[in-house]
Amino acid sequence: MAESIVATKSYNFALRIIKLYKHLTQEQREFVLAKQVLRSGTSIGANVEEALGGQSKADFRHKLSIALKEARETSYWLRLLKDSDYVKPDAFKSIHSECDELIKILRSIILTSQQKEKNS
């Protein structure tokens, strides 16, 4: 079976989020926002995995839509962490660009899936 690009990217992103969580809790002593970004950032990949094992095309799209919502939420927490000076601008730019890429990929897959279903 071919490797899913979105699954790989969301997994690698989750690993970065875990490292960020460790930094925030151990170095910055920030726990509330750290927990929020950990929850939403790791949920993206979990929902992608669920989508890949979906029972139907509708289930596939539904799970990817949840992953997209989690990615948007993660973007919010990352911006908040940057604007409250918990994350430095350079570190933010790097991880947030990955988050934006995931958002674009997920949107594209969802739209393509919807169009294919309408055309069938």
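The figures here come from the full heavy-atom set of this structure, side chains too, leaving out hydrogens, waters and symmetry mates.
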Residue pair [X] / [Y], side-chain heavy-atom distance below 4.5 Å:
{"X": "Thr42", "Y": "Ile18", "value": "yes"}
{"X": "Leu106", "Y": "Ile44", "value": "yes"}
{"X": "Thr74", "Y": "Leu102", "value": "no"}
{"X": "Arg39", "Y": "Gln36", "value": "yes"}

Once you round to the nearest 0.5 Å, how far does [atom1] of [X] lie from [atom2] of [Y]?
{"X": "Ser65", "Y": "Glu70", "atom1": "OG", "atom2": "CD", "result": "12.0 Å"}
{"X": "Asn47", "Y": "Leu52", "atom1": "CG", "atom2": "CG", "result": "11.0 Å"}
{"X": "Gln28", "Y": "Leu20", "atom1": "CD", "atom2": "CG", "result": "9.5 Å"}
{"X": "Leu64", "Y": "Asp59", "atom1": "CG", "atom2": "CG", "result": "9.5 Å"}
{"X": "Leu33", "Y": "Leu80", "atom1": "CG", "atom2": "CG", "result": "5.5 Å"}
{"X": "Glu49", "Y": "Ser4", "atom1": "CD", "atom2": "OG", "result": "7.5 Å"}

Check [X] against [Y] and note the closest heavy-atom contact, atom names and distance.
{"X": "Phe13", "Y": "Gly41", "answer": "CD2-O, 3.9 Å"}
{"X": "Ser97", "Y": "Ser94", "answer": "OG-O, 2.8 Å"}
{"X": "Leu78", "Y": "Cys99", "answer": "CD1-CB, 4.2 Å"}

What side-chain donor-acceptor pairs closer than 3.5 Å can you find for residues 110-119, not counting sequence neighbours?
from   : atom 1 : to     : atom 2 : distance (Å)
Thr112 : OG1    : Ser108 : O      : 2.8
Ser113 : OG     : Arg61  : NH1    : 3.3
Glu117 : OE1    : Arg61  : NH1    : 2.9
Glu117 : OE1    : Arg61  : NH2    : 3.3
Asn119 : ND2    : Gln115 : O      : 3.2

Practice task
Flag yes if more than 12 heavy atoms outside Phe31 fall under 6.0 Å of its CZ atom; otherwise flag no.
Solution key: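 Yes - once you tally the heavy atoms of other residues, nucleotides and ligands closer than 6.0 Å, there are more than 12.
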Handout entry: Atom OH of Tyr11: over 12 foreign heavy atoms under 6.0 Å
Key =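 Incorrect, the count does not exceed 12.
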Problem - Pairwise side-chain hydrogen bond (donor to acceptor under 3.5 Å, both in side chains) hits with a residue in residues 82-93, at least two apart - result: none
